[in-house]
Every structure is written in structure tokens, then in C-alpha cells.
Amino acid sequence: MPESPEVQVLADVLDETVTHRRIVGADWGEFRAWKTRDRPVEDLIGATITGVTRFGKHLDIDTDRGDLVVTLGRAGWVRHRVEDDADGEHTGDASDPPPPPAAVIATLELDDDTALEFTDAGEWLSLALSLVDHPQDVPAVKKLGPDPMSPTYTRADFDRITLGRRKQLKALLQEQESISGIGNAYSDEILHRAKIAPTTHAAALDDAEREALFQAVRDELADAVRARRSIPLPKLKQAKAAAMRVHGRTGEACPVCGGVVADVPGSKGSAQYCPTCQGPAD
């Protein structure tokens, strides 16, 4: 699932490459992905892209005719396809292996003979596109909590979602209404960095632990963005997986303490932690 660091890099790259381009055509393969029936995709033909930004795990392609909000869901992505580019990306070595196959859900043709391809590699469709006047007109964006990657995000913002909350930290970090942009993988990595068990309840944290977790959230996401900026877009998913210290590493040695990485109890193998670094999970 794309999370905020990778979506931020995607937004930055697209902002540099497609801003000021005019949309000259649209090809639709799966109309279930289009969520604003009162504003058909044809409304975008002739529009000029004015910028690309991020809201949580959502991408916002701003045009002079409205915002195209892309909810990436479980396995959605956006590719910038250039002429004669077999991989469907504007970056990457031609000798690199192609990325995993993904269904092209929609294509927007641009006036420089390139195109934006909206893809979904999941077993079921989770990509969604909405053409709106403002990003907050999309319910999933409107309900987003503060973004921990914002320079204005503070310890006070973090305390508001943790003090007194009888909820396990693993679940709380993924609660988009409380803190936006974090998913399954980075919640594991954040808790490992903070050295706190994933099943710990937020209400049980003392002040030092809340500070450690707050700093881990900020540092983990910022470090991930810095590390991904030099990675070609087709390789972001692989780079993310390779950088994980505990997530997806069941049975491997923890790179910090050498202990054995284990599955979080009850996660059915979808979440991991280090019992030595983080203490036993309930």
C-alpha cells in the first residue's frame, strides 16, 4: 500500500514534470474508479495542470478546471508515460526489469505526447478518482487528521491523539482521522524506532515514551522521503521494502539488536516487531 513518503516523492516528481501541461485526451478502462458522476472525465479535456500535491496517502492533481484527487487505495499508482517508454515511466534504466504488472485503469494524454496512467495492481479495484472544486470535497480527504510530515505538526498535535486513548498504538498510527499518511509498514517501523511494543495502549505511555514516539514518527517519515528522492519511480516499491528493518522480516535478525523479528500477535503475519528492542507484545 502506498504510504505518505512514497506518495510525497510521486507528487514531487509529477509536479516537476507535468505542471503546465494541457490535458488533450482521456481513455478510460474502468469507470468504477470514477467517483464524481456529476463531473465526467471529459471535463478535464483542455484543462491545464497547475500543480501536484499530497494529502495523506492521496494525490491531488490540480488543474484550472478543478482538482483531480487520486485515492491510491491498496495498490494504486500513477505513471508518467513517455513515448517509446516500455516501462511506462519517465525515469529508470532501460536494462532494469519491468515493474510488476498493473492494470491501467485510466489514461490522460498530455500536450507534450506523454501521458498519465492511473494503475491498480491489486486483486480488487481500490484506486478512485474524483474531480472536485477542492480536495476536501472528497470525504476521505476531508476526514484526514493532521499530517505528521507537515512542518507545522507539533507535539501538542500528537498528544491530542494519544493522551487517554485506550487503543493499541499499531492501530492508532494507522487511523487516518487522527494522523494521516501512515499505513501498515511505516507503523511497524515507527514503533521499532521508538522501541515500543505495537500492542501498547496509547493511554499507557508516559511522557518520555510519548516524546520518543513523536520523534520516531517525524524522523521515520522524513528519513524515508530523503532516501526515496533519488530512486526512480518504478523502483520505489522495491526500495521501500528493502529499507524495512522489521516489517516483512519475520524470523530475520533485527539490525539494531540482533534479536529475532516476530509477527505481531493477532496480525496473521501482516505486521512485525522486535521483542528484544520493543519488549513483549500482549
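Being a predicted model, the structure only gives us computed values, none of them experimental. Numbers here are sequence positions counted from 1. Atom set for the values below is all heavy atoms of this structure, side chains included, hydrogens, waters and symmetry mates excluded.
Between Arg210 and Asp206 there is no salt bridge, since none of the side-chain N atoms of the basic residue sits less than 4.0 Å from a carboxylate O of the acidic one. Glu175 and Lys167 are joined by a salt bridge, as a carboxylate oxygen and a charged side-chain nitrogen come within less than 4.0 angstrom of each other. The pair Lys142-Asp137 does not count as a salt bridge, with every side-chain nitrogen at least 4.0 angstrom from each carboxylate oxygen. A salt bridge is defined here as a Lys NZ or Arg NE, NH1 or NH2 lying under 4.0 Å from an Asp or Glu carboxylate O, and Glu189 with Arg245 meets this definition. Arg226 has no carboxylate O lying under 4.0 Å from a charged side-chain N of Asp219, or vice versa, which leaves the two without a salt bridge. Ion pairing between a basic and an acidic side chain is recognised when a charged N comes within 4.0 Å of a carboxylate O; Arg81 and Glu109 show such pairing.
For Asp43, the side chain to side chain contact (heavy atoms under 4.5 Å, CB included) partners at least two apart in sequence or on another chain are Arg39, Pro40, Leu131. Not counting sequence neighbours, the partners of Gln168 by the side chain to side chain contact (heavy atoms under 4.5 Å, CB included) test are Thr199, His201.
Counting non-hydrogen atoms of other residues, nucleotides and ligands closer than 6.0 Å to CZ of Arg74 gives a total of 12 or fewer. Enclosure of atom CD in Glu177 by more than 12 non-hydrogen atoms of other residues, nucleotides or ligands within 6.0 angstrom is indicated. Residue Arg37 qualifies as enclosed at atom CZ: its count of foreign heavy atoms under 6.0 Å is above 12.
Interatomic distance, OG1 of Thr119 versus CZ of Arg79, reported as 5.0 Å (0.5 Å rounding). Going from atom OG1 of Thr162 over to atom CG of Leu213 covers 7.5 Å, rounded to the nearest 0.5 Å. Rounded to the nearest 0.5 angstrom, Ile105 CD1 and Trp28 CH2 are separated by 9.0 Å. Here the CG atom belonging to Leu233 is positioned 6.5 Å from the CG atom belonging to Leu14, to the nearest 0.5 angstrom. The CZ atom of Arg218 lies 8.5 Å from the OH atom of Tyr153; values are rounded to the nearest 0.5 Å. Rounded to the nearest 0.5 angstrom, Ser4 OG and Leu10 CG are separated by 12.5 Å.
A single hydrophobic cluster is seen to contain both Val41 and Leu72, as judged by linkage of ILVMFWY side chains at heavy-atom distances under 4.5 Å, directly or through other members. Both Val52 and Leu108 belong to a common hydrophobic cluster when Ile, Leu, Val, Met, Phe, Trp and Tyr are linked at side-chain heavy-atom distances under 4.5 angstrom. Residue Leu110 is not grouped with residue Ile45 when hydrophobic side chains (ILVMFWY) are merged at heavy-atom distances under 4.5 angstrom, including chains of intermediate members. The hydrophobic clustering, which links ILVMFWY residues whose side-chain heavy atoms are closer than 4.5 Å, places Leu68 and Leu59 together. Cluster membership for Val104 and Phe31, using ILVMFWY side-chain heavy atoms within less than 4.5 angstrom, is not shared.
Contact annotation: the side chain of Ile61 approaches that of Leu116 to within less than 4.5 Å [non-hydrogen atoms, C-beta and beyond]. The shortest distance between side-chain heavy atoms of Glu117 and Val78 does not fall below 4.5 Å. A 4.5 Å side-chain heavy-atom check between Thr19 and Thr50 finds every atom pair outside the cut-off. The shortest distance between side-chain heavy atoms of Ile23 and Asp111 does not fall below 4.5 Å. Within the 4.5 Å cutoff, no side-chain heavy atoms of Thr71 are placed close to those of Leu127. At least one side-chain heavy atom of Val256 sits under 4.5 Å from a side-chain heavy atom of His192. Taking the side chain as every heavy atom from C-beta outward, Phe55 and Ser180 never approach each other to under 4.5 Å. Under the 4.5 Å side-chain criterion, counting only non-hydrogen atoms from C-beta, His58 is in contact with Leu144.
Between the side chains of Lys170 and Ser187, a donor-acceptor pair is found at a separation under 3.5 Å. Between the side chains of Arg54 and Gln8, a donor-acceptor pair is found at a separation under 3.5 Å. One side chain, Thr250 or Asp263, offers a donor N or O that lies under 3.5 Å from an acceptor on the other. Side chains of Thr114 and His80: a donor-acceptor N/O pair is present below 3.5 angstrom, by distance only.
Contact detail for Val225 and Pro5: the closest heavy-atom pair is CG2-CA, 3.6 Å. The nearest pair of heavy atoms linking Ala197 to Ala281 is CB-CA, 4.4 Å. The minimum heavy-atom distance linking Ser178 with Pro146 is given by the pair O-CD, 3.4 Å. Taking each heavy atom of Ala194 and Ala212 in turn, the nearest pair found is CB-O, 3.9 Å. The minimum heavy-atom distance linking Ala253 with Val261 is given by the pair C-CG2, 4.4 Å. Heavy atoms only, all atoms of each residue included: Gly181 and Gln176 are closest at N-OE1, 2.8 Å.
With hydrogens and angles disregarded, no donor-acceptor distance shorter than 3.5 Å links the side chain of Asp120 to the backbone of Leu125. At distances below 3.5 Å, not a single donor-acceptor pair connects side-chain atoms of Thr200 with backbone N or O atoms of Ile196. Remark: the backbone N or O of Ile49 is not paired with any side-chain donor or acceptor of Arg22 at under 3.5 angstrom. Of the possible polar contacts, none joining the Gln174 side chain to the Ile182 backbone as a donor-acceptor pair under 3.5 Å is found. Remark: side-chain polar atoms of Asp147 are paired, donor with acceptor, to backbone N or O of Met149 under 3.5 angstrom. The main-chain N or O of Thr53 is never found under 3.5 Å from a side-chain atom of Asp15 such that the two would form a donor-acceptor pair. Side-chain atoms of Asp188 do not come within 3.5 Å of backbone N or O of His247 as any donor-acceptor pair. Looking at Thr36, its side chain never comes within 3.5 Å of a backbone N or O of Asp38 through a donor-acceptor pair.
Taking the six-membered ring where tryptophan is involved, the planes of Phe214 and Phe158 are tilted, since the angle between them lies from 30° to 60°.
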After noting the C-alpha distance and the side-chain angles of Leu221 and Asp223, does the key distance pass the side chain to side chain contact (heavy atoms under 4.5 Å, CB included) rule? CA-CA 6 Å; Leu221 299 179; Asp223 287 352; over 6 Å; no
Given side chain to side chain contact (heavy atoms under 4.5 Å, CB included), test Glu6 with Lys57 step by step and report yes or no. CA-CA 9 Å; Glu6 289 70 40; Lys57 294 184 282 186; over 6 Å; no
Check the pair Leu191 / Leu173 against side chain to side chain contact (heavy atoms under 4.5 Å, CB included), numbers first and verdict last. CA-CA 9 Å; Leu191 288 163; Leu173 288 174; 3.8 Å; yes
Evaluate the criterion side chain to side chain contact (heavy atoms under 4.5 Å, CB included) for residue pair Thr63 and Thr48; output intermediate values, then yes/no. CA-CA 5 Å; Thr63 80; Thr48 297; over 6 Å; no
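Applying the ring-ring contact (aromatic ring centres under 6.0 Å, His included) test to every pair with at least one member in residues 113-140, sequence neighbours left out, gives no pairs at all.
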